[in-house]
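For reference, the structure is listed below as structure tokens.
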Amino acid sequence: MKLTKSDITLNEKDALQDMLESEKQLMTIYTTALFEGSTKTMRKNFSSNLLGVAENQYSLFQQMSTRGYYTPQPANKNLIDDANSTYKKQKNSLKSSG
């Protein structure tokens with residue numbers, strides 16, 4: 001099967017989604033590197049890079065949202081309440097066992 005240019009060219013939405021996913025992966029990598037950094041200078045550099053990537057990610061999110069490509073749904077209040085309850089129980093359990 002021979003591919004044409006239109007078969008391999010990303011449309012705007014796919015390109016923005018790909019960039020957004022790349023930024024999210026970079027955030028994960030820099031977060032891990034920040035935790036593992038062994039010197040203050042290294043940790044400062046990773047922290048600075050992490051903040052830059054976070055800004056890029058947010059900018060991409062805004063672009064996608066403006067274009068209607070990314071429309072997060074509001075969180076269900078019951079799910080939020082359930083999560084809060086679960087974590088409060090875990091926190092209390094940790095306090096009582098310590």
Output the distance between atom NZ (K88) and atom OG (S93), rounded to the nearest 0.5 Å.
16.0 Å

Is M19 isolated, or which residues cluster with it under the ILVMFWY side-chain rule of less than 4.5 Å, directly or via members?
L16, L20, Y58, L60, F61, M64, Y69, Y70

When Ile, Leu, Val, Met, Phe, Trp and Tyr are grouped by side-chain heavy atoms lying under 4.5 Å apart, directly or through other members, which residues fall in the same group as I80?
none

Kindly compute the distance separating CD (Q57) from CD (E21), expressed to the nearest 0.5 Å.
9.5 Å

State which residues pass salt bridge (Lys or Arg N to Asp or Glu O under 4.0 Å) with E55; sequence neighbours excluded, sorted by chain then number.
none

For L79, what residues pass the side chain to side chain contact (heavy atoms under 4.5 Å, CB included) criterion, not counting sequence neighbours?
N76

Tell me every residue that passes salt bridge (Lys or Arg N to Asp or Glu O under 4.0 Å) with K77, counting only those two or more places apart in sequence or in another chain.
D81

N/O donor-acceptor pairs under 3.5 Å from side chains in residues 26-43, not counting sequence neighbours:
| residue | atom | partner | partner atom | Å |
| --- | --- | --- | --- | --- |
| T28 | OG1 | K24 | O | 3.2 |
| T31 | OG1 | M27 | O | 2.7 |
| T32 | OG1 | T28 | O | 3.1 |
| T39 | OG1 | M42 | N | 3.1 |
| R43 | NH1 | L34 | O | 2.7 |

Does T86 use its side chain to pair, donor to acceptor, with the backbone of D82 at less than 3.5 Å?
yes

Between N11 and K13, which heavy-atom pair has the shortest distance, and what is it?
OD1-N, 3.1 Å

